[in-house]
Every structure is written in C-alpha cells, then in structure tokens.
Amino acid sequence: MPVQNEHVAEILDEIADLLAIQDANPFRVRAYHNAARTVRGLSRELHDLIARGKDLTDLPGIGDDLAGKIREIVGTGACRALEKLHRQVPHELEELLAVPGLGPKRVKALFYDLRIRTTQQLEKAARAGRLRKLPGFGQKLEQRILQAVAARQSGTRRFSIDVAEESGGKLAAYLGLVPGTGKAIIAGSFRRGRETVGDLDILVTTSRPAAVMERFAAYDQVARVTSRGATRASAVLRNGLQVDLRVVPKQSFGAALHYFTGGKAHNIRVRTLGQKFGLKINEYGVFRGARRVAGATEASVFKSVGLPLIPPELREDRGEIEAARAHRLPRLVEEGDLRGDLHVIANGRDDLVAMAIAAKRRGLRYIAFTIRQGPDAPADAVLRQLDRIDQIRERADGMVLLKGIEAEIPEDGRLDLPTEVLARLDLLIGAAHGQFELTRARQTARLLRAMDSPCFTILAHPGGRLLPERDACSVDMERIVRAARVRGCFLELNSQPQRLDLADVHCQMAKAEGVLVSINSGARQGEDFRDLRFGITQARRGWLEKDDVLNTRPHAALKRLLRRTMD
DNA sequence: GCCGTTTTCGGCCCGACTGTTTTCAGTCG
C-alpha cells in the first residue's frame, strides 16, 4: 500500500519535535512543522505527484533537503534522519511535549536531568515533588502538570461546529452587553470554517476592557479561568470547551480580527510581507514606525501589504497569498448561490409538503426527495413512496420536486435496484453507513463498484466520518474522484455538522478533476436546511466557486447534467 | 531548513501571560 500524506506529515512533525527538544535552531524546527502542514493540505497524494515526476520543491516551504526526505519516506515508509534522532532522543518525549505547560526546553530538562521519558514517569516525579527542584520549574507548574496529566487521560476533545457556534454565540452575545462594548465575534478556526474546533477565540472591542474581563470570569458557563490578564483571558466552559478571550480598542478591530482569525502560518506570511513594506503588523494595527497606518478593518490590513481581502476560509497558507498577489483569488461560492438541495430524506420527521415549504422559505427552487433503500427493501414500497411525491406536487408551492433514492452501498458494492424503480428516478445517491473497518483497497473497491451501477448519480459522504468522534475511513479519494469524472457522476458534500464530508482537500481535488460537488443537507426536518451554511463554508475552504457546485445550476441545466447519468 | 524583483547569506512575526526571575525565559496562540 502506498505511503499516505498523513504518514509523511507525522514523521516530519516528529522530527521537528525531537529537534526542538535537542535545542536545534527554532527556524529549522519550524521548517519541518511547516512542511508537515503543507503536506497535510495537499489535495493530491505525494506518491501520485512523485510518480508523475512533479518537482516537490515547487511546494511552499519545501526545499532540496525536505524534498529528498519526503521522497525517502514515500519510497520506504521510513526516514533515516528520524531514526538517527531516535538513537539520541526517545520518541516518547513527543508525548510529553503535548502536555500543556511543557515545551521543548522543559521536556529537555526532564529527560536530561531526571531521565523522565513517559507521562507515567512524569506523574510519579510530580507526585514525589521532584519536578520543582528543576530550574525553570516550581510548585505551581508541578501542580499544573499533575492536573494536565490527569485530564489528558480522558483525552483532549474537539467539538463539532454546531456546538461551538451555540456556546460561542451565547458567550459573545453576553459579553456584547457590557457598556462601552462594540463588536463581540467568534474568530479563530471557527471563523476559518474548520470542520471541528479545539477551542473558541472570541474577540471583543471595547472602551472598558476591565469590565469585559470581569464579566467573562463571572459567566455562569465558565468552569474555571486558566489565565487572566488586562487584555487576554482563557477559561474552560462547563461543556469542556476552552475559550480564549481577547479585548482590544475599537480602532484595532480589523488588525485584531485578522490576527485572531489566523491561521498561524497565514499570519506569519502577512506579517513578513509587512516587514518588506517597512511595516510592523500586530493585533493593534499596522504601523510605520510609531504611526498607525491601517487596522480598523481587515481589508485595510491586507491593503497595506498590497493584497485584496482574503476570505477567512482560505487563510491557511495553502497558496492564498500567492493567489491574492496575482489577483487570482477564487470567487467563493456563497449561500445565496444554492438553488436546490439534492438530498432530502423523504421519510424523515416532517411530512413532504412541510419540507418543500421549508426549502422554499430557505430560497431553494428545487429539492430531491430521497428514499432510503436497503439492499432487501421491497420494490413496491419504494414505488408507493414515489407515487406520494408525485401526488403532492401541486401542494409544493412551486417547488420543483425530484425523485431519488439513497441506496445503501453493501460491502461488495453491489446495488441491485429493480428497473421499474430506476425508470422513475431523477437521481440515485449511493452511501455507505457501516463496515468502515474494511481495508483501504476493499473500501475503495466497494465505492467504485457502486459507482458502476446503472443510473448512479451522486456518491454521498464517502469518508463516513462522524465528527468529532469518528474519523473518515481509509479510502483512496484520488481514484474515487477520477472515477467520478470518467463516469460523469458527482460527489456530495454533506452539510451536517457531524459529517462535512467531502473534506476540504477533497473538494479541491474534485475541482482539479472537474468533478462537480453537490452541497446537500440530508434534511430530515424543515429546520435542517439551515445546515447548508455549514456545507457552504466547508466548500469555501475547498476553494469551490459557484460553477464548481452542481446544485447552483438552474433546474433546466441540472436536468441535463443528471440525464447524462440516468441514461 | 527555507528563501530572495535589494539578498545565494543572513535573516526568519509578534505580543500576552505565567511563574520564578531579581530582570526574564518559556509557553502559547
């Protein structure tokens, strides 16, 4: 099995961590982390790029040395440089680095002074009061480490974006009530539209920072405040979500929002660009010497370094700065571009008429009702449901109703649908809902086989992930996307906050292959159409434009595209 | 280790908070 990008990235990160513990040049450490991030963000598999003879040094942050190491890892699965490091520094130390409060310097001291290499040894030493004797350690840090080690046993959590939106929205609204306060907004990875968030970053502009900090600490959902200063504070909410609050004056809003939205690598790029213009960019503004020259709006920050506004979803240093400089930023798809939803559960909680009306209210012109179909469902039951959809047409308030099936893809990938059913369908969605433990090869074969079925239209949520708990299963998306292109079918981006599947990088992959993505809700009740906004955000992270999305098409154009698969 | 429309060498974003520091290093975002 070919080496996957994630494996390469993990090795590069580990090299970076071990180098940091050895007190290597911090910029060298960063170079490895940057390369790992670049590799994770690729929309193609490295083995594929190498096979096609692509020059890896064209990738950002990858020079001759790292290109060589990456080729070595892809070719052999291992890296001699890492093995050499392992002979000097045990790999377990990476685990220690993940303990909050422990960075490379302290981990180095733990290992070289106390021979501590595992979290168990760390806990034991902390209990015995041996940590506080080390230089740079003290009693408080020892306590903090003990707490962190205990908390870590339950695992560091990530949160789905609907939970983040709910918690963060309430907190922001609450902070906005402080007199003298202007904006209160969730920034950070949430604003960039990441599929899950590890913490919430809330930015507040105010003329009374002390009052805002006070109110934050007094919030009834705050379980404990972990850090608190004049302009920045951190706390953990009762639901376990960590919140970082940052308070700035009104005139700094744009600069602070840019800084607090990130991502980190993007910020570094923009600030470095600023240096070249003789500017210093921080969260308070853009400065030439002591004079503030920009910063009230994000657009003014970008403008100061000669760039147009880059949408938050693109700020990952995945080429957006180069694209902006060349005036080649995509015009990202927007919520209002959607004309339809091609995956609406026909036997959900609300009845069909109510669903159609809810969709219309949402601004949609057409929806496809999809009937869940297991391998053994009797054809006559499906036919009766199709009849029902036909019957409510006049009551659908002008909404165009399409008829579809969501067929469960069995382990062997075989979809045997009766021809009398197929003949009445506008579209056929295939989805796998179980057996995700198959090997990558078998999982891929399963989906490819299903896509070969007659009338197959849309492959839904191919990764089968359930955020934030279950990761996507192992499947060769390169082959899936290419197969979709060859067969003229489509890939669904399911908008439910627990799915958001396709992943962003796979949206980019689809775009590169010219495969249209259908942004669907999988709605069971009228209010679920609201989830489409999450799908849009995810699509934007994948650089998708209106024309890259199937269901931005007017109904007539959609029909022509669907007919290609149904004939 | 990467990178360059001033540079192939000498730079590499910037600031807040904590704890242990008697003036600042380490960590974090």
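Letters A, B, ... are given to chains in the order of the sequence lines, protein chains preceding strands, and every chain is numbered from 1.
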Quiz item: Considering only B/dG29, B/dC13, B/dC28, which nucleotide approaches the side chain of A/Asp201 most closely?
Solution: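 Minimum distance to the A/Asp201 side chain belongs to B/dG29.
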At under 4.0 Å, does any side-chain N or O of [X] touch on OP1 or OP2 of [N]?
{"X": "A/Tyr259", "N": "B/dA16", "value": "no"}
{"X": "A/Arg271", "N": "B/dC13", "value": "no"}
{"X": "A/Thr272", "N": "B/dC3", "value": "no"}

Exercise. Could you check A/Arg30 against A/Lys105 and say which one's nearest nucleotide on DNA chain B is further toward the 5' end?
Key: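 On the 5' side of the pair lies A/Arg30.
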Self-check item: 5'-most by nearest nucleotide on DNA chain B - A/Met213 or A/Ile281
Solution: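 The residue closer to the strand's 5' end, by nearest nucleotide, is A/Ile281.
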Exercise. Write down the distance between CD1 (A/Ile268) and C1' (B/dC12), rounded to a whole number of angstrom.
Key: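 Atom-to-atom, A/Ile268 to B/dC12, this comes out as 9 Å.
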Quiz item: Could you state the CD1-C1' distance from A/Ile321 to B/dC3, rounded to the nearest angstrom?
Solution: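 So the two atoms are 15 Å apart, to the nearest Å.
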Quiz prompt | Partner of A/Glu316 by side chain to side chain donor-acceptor pair (under 3.5 Å), out of A/Arg40, A/Arg192, A/Lys264, A/His266 | solution =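 When side chain to side chain donor-acceptor pair (under 3.5 Å) is applied between A/Glu316 and each of A/Arg40, A/Arg192, A/Lys264, A/His266, only A/Arg192 qualifies.
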Quiz item: Taking atom types as modelled, is there a side-chain donor on A/Lys69 or A/Tyr32 under 3.5 Å from an acceptor on the other?
Solution: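 Short answer, yes.
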Quiz item: Among side-chain atoms of A/Glu45 and A/Gln4, is any donor-acceptor pair under 3.5 angstrom?
Solution: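 No, A/Gln4 and A/Glu45 have no side-chain donor paired with an acceptor closer than 3.5 Å.
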Quiz prompt | B/dG29 base / A/Asn267 side chain donor-acceptor hit below 3.5 Å | solution =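 It does not, because no donor-acceptor pair links the side chain of A/Asn267 to the base of B/dG29 below 3.5 Å.
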Quiz item: Between the base of B/dG19 and the side chain of A/Lys140, is there a donor-acceptor distance below 3.5 Å?
Solution: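 A donor-acceptor contact between them is absent.
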Exercise. Evaluate the side-chain proximity of A/Phe111 to A/Pro90: yes if any heavy-atom separation is below 4.5 Å, no if none is.
Key: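 A/Pro90 reaches A/Phe111 side chain to side chain.
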Quiz item: For B/dT8, what is the paired nucleotide under Watson-Crick or G-U wobble rules, both distances under 3.5 Å?
Solution: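 The base-pairing partner of B/dT8, which may sit in any strand shown, does not exist here.
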Exercise. Have a look at A/Ala35 and say if it touches a base, only the backbone sugar-phosphate, or nothing, with a 4.0 Å heavy-atom cut-off.
Key: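 The answer is nothing, as A/Ala35 stays clear of every strand by at least 4.0 Å.
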